[in-house]
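These notes concern the structure reproduced below.
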Amino acid sequence: MVVMTLALAACSGAVDSPARSVPSGDPEHGLEVMARVGCGSCHAIPGIDWPRGQVGPSLDGMGRRALIGSGLPNRPETLIPYLVDAPSVDEGSPMPSMPISEEEARDIAAYLYGL
């Protein structure tokens, strides 16, 4: 039973992982960037009231998730490039390349990890 529970948690990315952080990121700017480029069109994001997309997963609790995308480890060194160009990091990802810089992605990661 324990093995099955752990396997299900790994698949959903929902585990009791410690919260992550990006000390060099600016979370407030990250929220502004997400609003500007339309991340809320696909995702429900705390701090963005409209739109509240349902195509992608809710980003609430992102810092405690073990996985992103199709099973990539949820770490800043993975998440930041994923935010910029998901298809090049995670082949077949439905998330498009985003018109953001690596610095903006760092700020978005800082915001997401603070949720």
Side-chain angles (χ1 to χ4, degrees):
M1 180 69 169
V2 172
V3 172
M4 186 174 196
T5 301
L6 290 174
L8 289 173
C11 290
S12 70
V15 298
D16 292 332
S17 296
R20 292 159 178 83
S21 67
V22 180
S24 60
D26 178 350
E28 289 181 31
H29 184 245
L31 179 60
E32 292 170 13
V33 173
M34 285 192 297
R36 183 187 81 227
V37 300
C39 296
S41 296
C42 293
H43 300 279
I45 304 168
I48 297 179
D49 293 328
W50 187 87
R52 294 193 63 79
Q54 297 179 8
V55 174
S58 170
L59 300 182
D60 193 19
M62 187 72 181
R64 293 183 308 276
R65 295 182 190 174
L67 305 172
I68 59 172
S70 66
L72 301 172
N74 185 9
R75 294 186 289 229
E77 62 270 17
T78 307
L79 179 59
I80 292 166
Y82 183 86
L83 292 171
V84 175
D85 188 10
S88 74
V89 176
D90 187 7
E91 189 175 311
S93 173
M95 185 165 148
S97 294
M98 299 302 295
I100 59 174
S101 68
E102 185 175 329
E103 183 178 332
E104 289 171 322
R106 185 177 313 281
D107 294 343
I108 291 170
Y111 181 78
L112 294 174
Y113 284 158
L115 296 176

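Just the heavy atoms: all of them, side chains too, but no hydrogens, waters or symmetry mates, feed the values below.
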### Message
Walk me through whether Y113 and L79 qualify under side chain to side chain contact (heavy atoms under 4.5 Å, CB included).
### Response
CA-CA 10 Å; Y113 284 158; L79 179 59; 3.5 Å; yes
Using atom types as modelled and distance alone, determine if a side-chain donor or acceptor of [X] lies under 3.5 Å from a backbone N or O of [Y].
X   : Y   : result
S93 : M95 : yes
N74 : R65 : yes
H43 : G53 : no

### Query
Of E104, E103, E102, which meets side-chain hydrogen bond (donor to acceptor under 3.5 Å, both in side chains) against R106?
E102
Search all heavy atoms of [X] against all heavy atoms of [Y] and return the closest pair with its distance.
X    : Y    : answer
P81  : P76  : CD-O, 4.1 Å
A109 : L83  : N-CD1, 4.0 Å
D26  : D107 : N-OD1, 2.8 Å
R20  : A66  : NH2-CA, 4.1 Å
L115 : G61  : CB-N, 3.9 Å
P87  : P96  : CD-C, 4.0 Å

### Task
Report the distance from atom CD of E28 to atom OH of Y111, rounding to the nearest 0.5 Å.
10.0 Å
### Message
A quick test of your reading: do over 12 heavy atoms of other residues, nucleotides or ligands sit less than 6.0 Å from CD of E77?
### Response
yes
### Task
Check step by step if side chain to side chain contact (heavy atoms under 4.5 Å, CB included) holds for S97 and V84.
CA-CA 6 Å; S97 294; V84 175; over 6 Å; no
### Query
Quick one: which of L59, I68, L31 gives a side-chain contact (heavy atoms from CB on, under 4.5 Å) with L112?
L59
